[in-house]
Amino acid sequence: MGRLFWKFFLCILLAQVAATIGIGGTFWLKSRAAQQARTQEIDTSPPAQMAIEAATATLEAGGSKALQHFIGKLERMRVMAVDVHGRELMGRTVQPAMLNKARALLQQQQPRVVVREATGSDGVRYLLFLPYSEHFRTAGTDAARETLNAVSMAGNRMPPGLRMDVPGAPADMNGMKPPPGPRMDSPYRTFIPIIAATVASLLFAFLLAWYFSRPIRDLRAAFEAASGGDLAPRFQAVARRRDELTDLGRDFDRMTGRLRSLMDSQTRLLHDVSHELRSPLARLQAAIGLAHQQPDKLAASMDRIERESVRMDKLVGELLTLSRLEAGAVNPLNEDFSIADLLHDIVEDARFEAEADARQVGITVSGDADIASAIVNGQAELLGRAVENVVRNAIKHSPDASVVKVVLSRHDEGRQVHVSVLDHGPGVAETDLSAIFEPFFRASNTQKSTDGHGLGLAIAQHVVKGHGGSIAARNRSSGGLCVEIRLPAKQTG
């Protein structure tokens with residue numbers, strides 16, 4: 001799984017997390033607001049009524065000290081006793097809103113008296129009420145039993161009229177109901193979680209769509225431009241993104257670059273072919289015209305016509321071979337042969353032709369002791385033609401009475417065979433060393449001094465690459481050029 005998958009996955013995950021946080025946060029705020037609202041409510045449950053009755057009886061019988069002792073013994077219930085000055089008996093803080101609600105309940109006629117105003121035996125008057133407590137609400141029996149124990153320890157008696165259905169619990173506790181919860185401020189608050197989740201999902205969906213649609217739009221524009229012939233690179237400057245869409249854009253740039261190179265190569269090849277064909281055609285026309293004007297020189301004109309026809313036939317044959325090699329129509333890997341024997345035959349043929357020439361260029365061949373056992377897999381005739389092109393090129397550019405050396409060696413523990421062809425010619429400019437393997441290329445110092453079309457080394461390069469090897473050229477320190485062919489050797493034994 002690639003980077004694009006993880007970006008989709010993380011975006012969806014973030015959307016879900018954001019929606020969960022939004023919904024959870026909304027419910028948490030809602031619960032917290034409800035709890036804060038309940039802390040300002042007055043408890044109206046039967047246990048609260050019993051506690052207020054007990055506190056009233058304690059105050060009337062024993063005064064402020066007895067009430068203080070009674071409230072101090074309570075753990076689950078927080079009975080509030082506020083005097084006329086607004087001070088609470090135990091020193092606790094009473095919220096004004098709660099105090100106002102207690103006074104409002106005191107003015108109402110309630111079936112259960114949960115807020116009382118009583119005067120103690122010491123003459124101090126207190127407002128008694130019990131704030132709402134969720135813990136006290138769920139533990140009503142224990143709270144009632146705690147109230148009875150506190151009354152007993154304070155030396156007071158329970159107020160008359162309270163009946164007990166079970167030991168230690170008030171009779172009407174079995175039917176007690178919780179006070180109503182706080183009301184919602186607005187009926188639309190119920191839809192807040194849904195709205196938050198929807199907004200979060202839409203936001204992340206928009207960002208996700210924008211993030212992935214932008215490179216797709218760029219790719220579409222690039223394809224439209226390429227269909228119109230504009231093959232300029234468009235995604236090379238994109239470095240901030242790291243995903244499959246960006247890789248696709250860079251691959252598109254490489255594709256258009258390769259197409260641009262091929263188109264330029266085809267255009268250059270067409271220009272070179274037309275240029276190469278124009279010269280022999282012009283000479284053919286001149287020879288034919290001369291034969292018509294001077295019939296006595298017909299034999300010389302026919303010789304010229306024959307030479308130019310052979311030259312054109314050779315050029316067309318080399319172009320066809322190069323075209324087949326560039327199209328990959330030749331499969332070279334089909335037989336095993338000895339590279340030493342192949343090289344020996346090539347050198348013998350080249351030596352015979354060189355000795356017959358007036359230039360008297362010699363050829364020598366040498367190799368490692370175990371070179372005779374080197375086996376190469378491929379097409380012997382095709383590879384022999386490639387090596388022959390290199391050897392003939394070296395002979396052509398060598399000065400008179402010089403020697404061309406052909407060296408055969410093994411490297412990389414016998415896994416590679418190197419064929420080096422060394423001459424004493426003028427060499428090639430360093431900037432042209434890689435260009436000499438291009439079709440119709442000629443160095444500036446040999447362009448007018450030698451025959452040929454500049455296709456031999458280009459054919460040799462395609463053949464060697466088809467055999468899984470490589471070919472390179474370098475200038476020799478003692479003068480001349482060294483062309484080295486590297487081929488993979490077949491492992492035997």
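In what follows, residues are counted from 1 in the order of the sequence shown. The figures that follow rest on heavy atoms only: side chains count, while hydrogens, waters and symmetry mates do not.
Smallest separation of non-hydrogen atoms from His411 and Ser409: NE2-OG, 2.9 Å. Taking both residues in full, the closest heavy atoms of Ala226 and Phe252 are given as CB-CZ, 4.0 Å, listed atom of the first, atom of the second, then distance. Smallest separation of non-hydrogen atoms from Ser301 and Ala291: OG-N, 3.7 Å. Here the closest non-hydrogen pair linking Glu438 and Ala458 is C-CB, 4.1 Å. Between Val464 and Ser470, the shortest heavy-atom distance links the atoms CG1-N, 3.3 Å. Scanning all heavy atoms of the two residues, the minimum distance from Val417 to Ala374 falls at CG2-CB, 3.9 Å.
Annotation: side-chain contact (heavy atoms from CB on, under 4.5 Å) contacts of Val376 (sequence neighbours excluded): Phe337, Ile339, Leu383.
No side-chain heavy atom of Val406 sits under 4.5 Å from any side-chain heavy atom of Thr364. The shortest side-chain heavy-atom distance between Phe129 and Val94 falls under the 4.5 Å cut-off. Contact of the Pro131 side chain with the Met98 side chain is registered, since non-hydrogen atoms from C-beta on lie closer than 4.5 Å. Counting only heavy atoms from C-beta outward, the side chains of Lys297 and Pro295 never approach each other to under 4.5 Å. Between Asn389 and Val463, every side-chain heavy-atom pair lies at or beyond the 4.5 Å cut-off. Looking at His418 and Ile485, their side chains never come closer than 4.5 Å, going by heavy atoms from C-beta outward. A heavy-atom distance below 4.5 Å is not found between the side chains of Leu481 and Leu422. Counting only heavy atoms from C-beta outward, the side chains of Glu430 and Asn475 approach each other to under 4.5 Å.
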- Query: Going through the distances and angles, do His424 and Ser398 end up as a side-chain contact (heavy atoms from CB on, under 4.5 Å)?
  - Reply: CA-CA 6 Å; His424 294 278; Ser398 295; 5.6 Å; no

- Message: Met312 vs Leu281, test: side-chain contact (heavy atoms from CB on, under 4.5 Å). Steps then yes/no.
- Response: CA-CA 8 Å; Met312 290 180 63; Leu281 285 175; 3.6 Å; yes

- side-chain contact (heavy atoms from CB on, under 4.5 Å) between Lys396 and Asn393: does it pass, once the steps are laid out? CA-CA 5 Å; Lys396 184 167 50 179; Asn393 187 74; 4.2 Å; yes

- Query: Hey, mind stepping through Ile395 and Ile363 against side-chain contact (heavy atoms from CB on, under 4.5 Å) and telling me if it holds?
  - Reply: CA-CA 8 Å; Ile395 295 174; Ile363 304 176; 3.2 Å; yes

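Considering CG of Leu259 and CE of Met255, their distance stands at 5.5 Å, rounded to 0.5 Å. For the atom pair CZ of Arg476 and OG of Ser420, the computed distance is 10.0 Å after rounding to the nearest 0.5 Å. If you take CD on Gln461 and CD1 on Ile436, they are separated by 9.5 Å, rounding to the nearest 0.5 Å. Rounding to the nearest 0.5 angstrom, the gap separating the CG atom in Asp253 from the CZ atom in Arg258 is 15.5 Å. Between atom OG1 of residue Thr93 and atom CD of residue Gln95 there is a gap of 9.0 Å, rounded to the nearest 0.5 Å. To the nearest 0.5 Å, the span separating OG on Ser366 from CG on Leu408 amounts to 8.5 Å.
The environment of CD in Glu413 is sparse: at most 12 heavy-atom neighbours from other residues, nucleotides or ligands sit within 6.0 Å. Within a 6.0 Å radius of NE2 in His344, no more than 12 heavy atoms belonging to other residues, nucleotides or ligands are found. Other residues, nucleotides and ligands place no more than 12 heavy atoms under 6.0 Å from the CE atom of Met263. By the neighbour-count criterion of 12 heavy atoms within 6.0 Å, atom CD of Gln294 is densely surrounded, having more than that number from other residues, nucleotides or ligands.
Using a distance-only test at 3.5 Å, with no hydrogens or angles considered, a donor-acceptor pair links the side chain of Asn100 to the main chain of Pro96. The main-chain N or O of Ala380 is found under 3.5 Å from a side-chain atom of Glu335 such that the two form a donor-acceptor pair. Side-chain atoms of Arg486 do not come within 3.5 Å of backbone N or O of Ile471 as any donor-acceptor pair.
Of the residues Arg415, Gln416, Arg410, the one that meets the side chain to side chain donor-acceptor pair (under 3.5 Å) test with Asp412 is Arg415.
Ion pairing between Glu306 and Arg304 fails under the 4.0 Å rule for side-chain N and carboxylate O. A salt bridge does not link Arg385 to Glu388: none of the charged nitrogens lies less than 4.0 Å from a carboxylate oxygen.
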